[in-house]
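What follows is a set of notes on a single structure, which appears directly below.
Side chains included, hydrogens not; waters and symmetry mates left out as well; all remaining heavy atoms used. Worth saying up front: this structure is predicted, and the values here are computed from it rather than measured.
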Amino acid sequence: MSDNKVRVRFAPSPTGPLHIGGVRTALFNYLFAKKNNGQFILRIEDTDQTRYVPGAEEYIIEALEWCGLEFDEKPGTSCGFGPYRQSERKDIYKTFANKLIESGHAYYAFDTAEELDAKRGKFEKQKRVFTYNAQSRVVMRNSLSLPEDKVKELLKGDFVIRFKMPDSEDIEEVDMIRDRVVFNTRDLDDKVLFKSDGMPTYHLANIVDDHFMKISYVIRGEEWLPSLPLHILLYRALGWDSPRFAHLPLILKPTGKGKLSKRDGDKAGFPVFPLKWKDPKTGKTASGYREEGYFPEAFINMLSMLGWNPGTEQEIFTLEELTQLFSLDRVNKSGARFDPEKAKWFNQQHLLQKTNKELASLFKEELTERGIEATDEYTEKVVALVKDRVAFVKEIWDQASMFFIAPDSYDPKVVKKRWKGDVPAFMGELTSHLQNVDGWKGDMIKETITQLIETKGLGFGLVMNALRLALVGGGFGSDLMTIAEMIGKSETIERIKTAVEKIAV
């Protein structure tokens with residue numbers, strides 16, 4: 001590029017929900033731009049109108065906003081080098097397609113879809129793969145093989161413009177992640193640059209837009225690496241300086257075999273989209289990280305570690321810390337295996353970093369939905385007791401329900417093991433002793449229960465587990481004396497009485 005300013009872009013197609021691989025690409029572009037005091041641009045590449053999905057663009061923008069990735073330029077902004085939807089820029093692409101024709105770097109092709117299918121079929125029978133290239137184009141229906149008058153006649157109908165790939169030339173580039181990469185053009189086909197519907201293909205529109213938007217670095221997924229030689233040749237043919245390129249490693253399935261695809265999500269029990277998505281055509285829905293209860297900062301932190309590492313043992317970062325540390329030098333060449341359990345771990349770590357006040361505020365939404373009222377102070381105490389046992393705010397209720405409501409059932413396995421012999425009678429007697437406890441503190445409650453256990457000659461563990469059953473309905477929960485202290489004397493005694501009445505011996 002002619003200047004040294006860092007300008008990067010994330011350029012998704014609105015053909016469906018944004019995959020987490022796309023979010024990671026956006027994230028790495030964002031981090032690179034911010035680390036280098038550059039601009040981060042969103043461009044919507046909607047040249048393929050046949051695959052356009054209503055609502056997809058809005059979904060993409062909402063998802064990236066949820067992640068905290070703010071754009072310096074995007075659709076709807078008047079500054080910069082817009083418009084930022086390719087469908088709004090379509091008038092400019094034909095000019096450059098024609099320039100490539102005039103300079104001999106491209107040609108008109110008139111082959112119909114049926115003719116191309118027939119040619120592919122013929123090659124398949126011979127166990128060969130058909131490629132529209134320097135060898136085959138001389139026998140196809142195009143402006144290189146047909147007489148000029150025939151070409152003029154055919155230009156009145158449907159045609160495409162193809163790039164004229166050199167016969168055999170090494171195209172070399174130094175990728176910022178993969179170092180030196182070399183391609184020979186004999187292995188490449190003559191890609192379509194301009195379609196019969198008057199719209200450019202990705203390859204031409206991408207190059208033209210990156211040039212006029214002054215994109216200095218193209219950071220994209222590994223799947224675009226095979227397109228690199230064509231893009232370099234297009235820059236060269238148009239007389240433009242090309243940006244620097246960096247191709248990110250794939251995100252692999254949890255097994256480590258194959259790319260994590262959009263279809264690997266719900267069927268495997270974990271989301272592959274940032275937000276919940278409902279297909280406007282089929283009505284089918286796919287889960288999202290936001291709706292599953294992930295914090296955006298945890299989601300971003302998790303994605304950042306897929307293919308990049310800081311060079312230290314540290315794994316938990318804020319977006320600001322990632323911005324300070326990020327470097328393409330530390331992006332791996334090999335694919336990164338996605339681990340759903342590790343994703344949960346990241347959320348748990350970010351949950352633990354939040355204050356009790358923050359978590360209590362989030363948890364109170366759950367309490368409100370359940371019609372439960374509690375003071376902020378009480379809720380914060382509860383959250384402090386259980387937060388190290390959960391990975392999501394939505395899991396707090398399962399660990400903390402006993403602080404707000406009495407159990408409505410009792411675990412039959414615990415009943416069978418703990419509620420036996422002299423235990424029911426002991427519990428009935430215990431209530432009167434607890435009634436006399438002054439101050440109602442955990443240590444005083446425990447002392448009273450211990451004294452009665454010793455008097456009756458019962459096992460301490462048996463009684464305490466039976467008491468837990470009475471207070472919480474099972475063999476789980478926080479420190480038992482803390483539970484009793486927090487729910488109060490009258491509620492503790494009432495729960496014990498109810499258990500004595502309801503649990504069949």
Output yes when [X] and [Y] qualify as a salt bridge under the 4.0 Å nitrogen-oxygen rule, no when they do not.
{"X": "K333", "Y": "D179", "result": "yes"}
{"X": "D91", "Y": "R89", "result": "no"}
{"X": "D279", "Y": "K284", "result": "no"}
{"X": "D175", "Y": "R244", "result": "no"}
{"X": "E73", "Y": "R9", "result": "no"}
{"X": "D158", "Y": "K195", "result": "no"}
{"X": "R85", "Y": "E57", "result": "yes"}
{"X": "R290", "Y": "E62", "result": "yes"}

Output all residues satisfying salt bridge (Lys or Arg N to Asp or Glu O under 4.0 Å) with [X], sequence neighbours left out; order by chain, then residue number.
{"X": "E292", "answer": "K394"}
{"X": "R128", "answer": "none"}
{"X": "E222", "answer": "R178"}
{"X": "R370", "answer": "E366"}

With [X] via side chain to side chain contact (heavy atoms under 4.5 Å, CB included) - residues at least two apart:
{"X": "T15", "answer": "S13, R51"}
{"X": "E297", "answer": "F295, H350, K354"}
{"X": "T312", "answer": "P310, Q314"}
{"X": "P254", "answer": "L260, F270, F338, P340"}

Parallel, tilted or perpendicular: which describes the rings of [X] and [Y], with under 30° parallel and over 60° perpendicular?
{"X": "F159", "Y": "F110", "answer": "perpendicular"}
{"X": "F273", "Y": "H19", "answer": "perpendicular"}
{"X": "W277", "Y": "Y59", "answer": "perpendicular"}

Report task. Write out all pairs satisfying salt bridge (charged side-chain N to carboxylate O under 4.0 Å, His left out) with one or both partners inside residues 307-328, taking only residues at least two apart or from two chains. Result ->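 Passing the test, one end in residues 307-328: E315-K342.
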Query raised in the report: Given F392 and Y294, is the ring-ring contact (aromatic ring centres under 6.0 Å, His included) satisfied, shown in steps?
Result: CA-CA 7 Å; F392 301 92; Y294 283 81; 4.8 Å; yes
Query - ring-ring contact (aromatic ring centres under 6.0 Å, His included) assessment of W66 paired with F299 - result: CA-CA 10 Å; W66 175 69; F299 175 64; 5.6 Å; yes
Requested in this report: Can you sort out the partners of W345 under ring pair (Phe, Tyr, Trp, His ring centres under 6.0 Å), two or more places apart, ordered by chain and number?
Outcome: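 Partners of W345 under the ring pair (Phe, Tyr, Trp, His ring centres under 6.0 Å) test: none.
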Query raised in the report: What pairs with F123 under ring pair (Phe, Tyr, Trp, His ring centres under 6.0 Å), at least two apart in sequence or on another chain?
Result: F130
Report task. Keeping to residues at least two apart or across chains, list the side chain to side chain donor-acceptor pair (under 3.5 Å) pairs with something in residues 97-111. Result ->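 Output for this query lists S103-H105, Y107-D190, D111-Y132.
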Query raised in the report: Mind checking whether L303 and L306 have side chains closer than 4.5 Å, heavy atoms only?
Result: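 Counting from C-beta outward, L303 and L306 do come under 4.5 Å.
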Query raised in the report: Is F326 close to V331 at the side-chain level, that is, under 4.5 Å between some pair of heavy atoms?
Result: yes
Query - Over all atoms of both residues, closest heavy-atom pair of V393 and L351 - result: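 Closest heavy-atom pair between V393 and L351: N-CD1, 3.8 Å.
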Requested in this report: Measure from the side-chain N and O atoms of T131 to the backbone N and O of N133, and report whether any donor-acceptor pair falls under 3.5 Å.
Outcome: no
Query raised in the report: So, S361 side chain and E358 main chain: donor-acceptor pair closer than 3.5 Å or not?
Result: no
Requested in this report: Walk me through it: do E45 and Y202 pass the test side chain to side chain donor-acceptor pair (under 3.5 Å)?
Outcome: CA-CA 8 Å; E45 300 199 333; Y202 166 83; 4.7 Å; no
Report task. Give the C-alpha distance, both sets of side-chain angles, the deciding distance and a yes or no for ring-ring contact (aromatic ring centres under 6.0 Å, His included) between F404 and Y378. Result -> CA-CA 10 Å; F404 302 95; Y378 184 80; 5.7 Å; yes
Query raised in the report: Will you find, in the side chains of Q86 and D209, an N or O donor that is under 3.5 Å from an N or O acceptor?
Result: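 Yes, side-chain donor-acceptor contact under 3.5 Å.
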